[in-house]
Amino acid sequence: MRPRSLFVLLAVAGFCIGRVEAAEPNGPSAGGASSARVSVLTGEQVVQILDETVDWYRTLGTQQQNATQPSDLLILFANRQTADKVVGLAFEIARANAELLSSEASAGQSGADASSSQSLTQQQNQLDAQRQSIQQEIDATRHKPAASGKDRQNIEATLAELQGELAMVNARKNLLDTMTEFVDTNDPKAAGANALKAQIDAIAATIPSSSVNATAAPPVTASSPTTSSTSAPPVVNGSDRAAPARYGIWDLGTEVLRQRKKIDTIDLISRHTAALAETFETISAPPLKQLKTYAAKGDALAAQADNAGSGTLKDLRNEFDRLAWLFKQTSEILIPLTKERVLLQQYQHNLGNWRDSAERQYRDALTALAVRLGIVAGILAAVFVLAEVWKRAVLRYAREPRRRYQLLLVRTIVLWTVVIGVVGLSFVSEISSFATFAGLITAGLAVAMQSVLVSVVGYFFLIGKYGIRVGDRIQIGTVVGEVIDLGLVRMHLMELNQQGPLGPTGRVVAFANLIVFQASSGLFKQIPGVNLSWHETTLTLPTVKDYAALKDKLLAAIGAVLSNYTEEIVRQTKEIERTTASSCVSDATPQVQMHLADGKMQALIRYPVHLQHAAEIDERVAQAVLKVIAESA
């Protein structure tokens, strides 16, 4: 029967509580032991490097946005493969350094346990051995043969005692496991190493690449379908093919800006890659120095082993194993760092090739834009030269001011129409699209500005051969006035008084030019160079014996009044005949026609007047006619 005492359980609990106090950051050190630093990077540095690498990896999205040509897609595919490897190696470095940090934390724990009578691991091993021994003893007791009833009772009593002893050992084992877990949880270095591993896994989960989780996924062989799916070059479908060449200034300008933006983006990614390469170059020095230190320690241990005894050789073997593990873990950091530099150099080389291609495309687009602008400038220069020739020809050969004005106006309209057409066609890439767009715009304008467009067309009718010009006296409907302004859309008249002396009323009347297409409002105007009009009046004659003599007296009286204006009236009459080439133009002499109305004789008197003296002539004619009638009564 093994003696078991309660003080052993109390000693184990007291030892565990002492371990907790020794593990506190500000607590007392366990025997003053301190562990040597074996990790290359701190946890903060590892997380910072992973953040920089992941941030650099996300530039692939920007590259994909700028990859429009088939050659760009091939370079993007190569960069994606390289970037996956770089990120995978970065996580290998992080995990290897996390293992070193865990080893460093375990070494610190071992140093704290060195001054104790028995380590937690030894206590657990002892309890496991005791539990195994008791279990074997129970099995042996159960299979022991019982010769008599007394032996059977002894066996049952022994089994009961052994079961109680096994329950006590299990209780001590559970207590020890609980305290060990509590101590490990509250150890700062072990907790930091575990937290770092959790952070590495969390960052790896944000990367859509299977290469960053080498520990979770099995290695992919050459025959794996995953490899075949990721190593195949991208297929350039119809949407990725180069678009047909466009020669519009707008498209060429957009292409130039897009290529310039692509070059700037490639330069930015190149600088980002160089910064990442410099970071990996910087952290390559500590692991190389560590390896040299481990190699020197190994040589020193080998020299010490040559002269050591059998008791010391066991300790040297343990130290050799520890150095071999540290050398392997540090090598797992240095080797990926060396690969990182090679991969980033290849990445920079791909970016350089891409930039060269973008530079060529940029120069081609810029040259095409310059040629296009030169062609448009040459066409516009030729148009303006022809317009100047037109102007000089009009000024030289068109003698009549009115005709000269009309030709120069047509020249201006044609010039700017051609300029707008050339500039518009130079900015579009497809004539059919431009024709469709122009047709829709024209239809919309025709509907929305129908009156304005009709007025513009009416302007050209108004300035025709018998058209009007500023200074002409015209009549529109019941309005008589003098033209003071004639525009493309409307004209303005200074209204003239029709009652009494002919003169302005002080009002300006505006009419749209579309009146020439309206049948309800007639447009009356004087022939250019003619200021002559016919006035007529009807009066009832008194009863006389000889109406023929009365008629002659009326004609003589009216002729005497018009004698002062006869020469001007004759000249304007001939001007009307010459301008209109009409044979129905009569002599500008006064006329008197008599006819019966309601049994009374009436006389219709017509006579020409000069418009500027119309009121004066009308007054004198009335006085002369009344005088003749009074004398004949």
Check for a donor-acceptor pair, side chain of [X] on one end and backbone N or O of [Y] on the other, with a separation under 3.5 Å.
X: Glu340; Y: Ala90; value: yes
X: Asn513; Y: Gly487; value: yes
X: Thr279; Y: Ala275; value: yes
X: Ser270; Y: Ile266; value: no
X: Thr412; Y: Leu408; value: yes
X: Arg411; Y: Ala387; value: yes

So, taking the atom named [atom1] in [X] and the one named [atom2] in [Y], what distance separates them when rounded to the nearest 0.5 Å?
X: Lys339; Y: Leu337; atom1: NZ; atom2: CG; answer: 11.5 Å
X: Leu380; Y: Ile375; atom1: CG; atom2: CD1; answer: 12.0 Å
X: Glu255; Y: Asp364; atom1: CD; atom2: CG; answer: 9.5 Å
X: Glu278; Y: Glu52; atom1: CD; atom2: CD; answer: 10.0 Å
X: Ile335; Y: Ile93; atom1: CD1; atom2: CD1; answer: 11.0 Å
X: Thr338; Y: Leu343; atom1: OG1; atom2: CG; answer: 11.0 Å

Candidates Leu74, Ile75, Leu76 - the one meeting side-chain contact (heavy atoms from CB on, under 4.5 Å) with Asn350: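 Only one of Leu74, Ile75, Leu76 forms a side-chain contact (heavy atoms from CB on, under 4.5 Å) with Asn350, namely Ile75.
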
From Val454, Leu486, Val489, residue fulfilling side-chain contact (heavy atoms from CB on, under 4.5 Å) relative to Tyr459: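 The residue from Val454, Leu486, Val489 that satisfies side-chain contact (heavy atoms from CB on, under 4.5 Å) with Tyr459 turns out to be Leu486.
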
From CA spacing to verdict: side chain to side chain contact (heavy atoms under 4.5 Å, CB included), Arg490, Ser455: CA-CA 7 Å; Arg490 61 183 179 178; Ser455 296; over 6 Å; no

Please name the pair of heavy atoms, one in [X] and one in [Y], separated by the smallest distance, quoted to 0.1 Å.
X: Ala83; Y: Tyr347; result: CB-CE1, 4.2 Å
X: Arg372; Y: Leu425; result: NH2-O, 3.5 Å
X: Gln361; Y: Ser71; result: NE2-OG, 4.5 Å
X: Asp72; Y: Ser357; result: OD1-OG, 4.3 Å
X: Thr53; Y: Phe280; result: OG1-CZ, 3.7 Å
X: Pro336; Y: Glu92; result: CG-OE1, 4.0 Å

Could you tell me if the side chain of [Y] sits less than 4.5 Å from the side chain of [X], heavy atoms only?
X: Ser331; Y: Lys328; value: no
X: Tyr362; Y: Lys262; value: no
X: Leu252; Y: Leu373; value: no
X: Ile269; Y: Thr265; value: yes
X: Ile283; Y: Ile49; value: yes

Stepwise side chain to side chain contact (heavy atoms under 4.5 Å, CB included) check, Trp56 with Leu344: CA-CA 11 Å; Trp56 168 82; Leu344 289 177; 3.8 Å; yes

Full working for side chain to side chain contact (heavy atoms under 4.5 Å, CB included) between Leu415 and Trp390: CA-CA 10 Å; Leu415 170 63; Trp390 186 343; over 6 Å; no

Greater than 12 external heavy atoms within 6.0 Å of Glu388's CD: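 Correct, the count exceeds 12.
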
Check against salt bridge (charged side-chain N to carboxylate O under 4.0 Å, His left out), Arg260 and Asp264: CA-CA 6 Å; Arg260 182 70 263 176; Asp264 295 339; 3.4 Å; yes

Glu44 side chain to Gln48 side chain, donor-acceptor N/O pair below 3.5 angstrom: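 Side-chain D/A pair, Glu44 to Gln48: absent.
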
Side chain to side chain contact (heavy atoms under 4.5 Å, CB included) assessment of Arg80 paired with Asp84: CA-CA 6 Å; Arg80 187 179 296 279; Asp84 289 341; 4.1 Å; yes

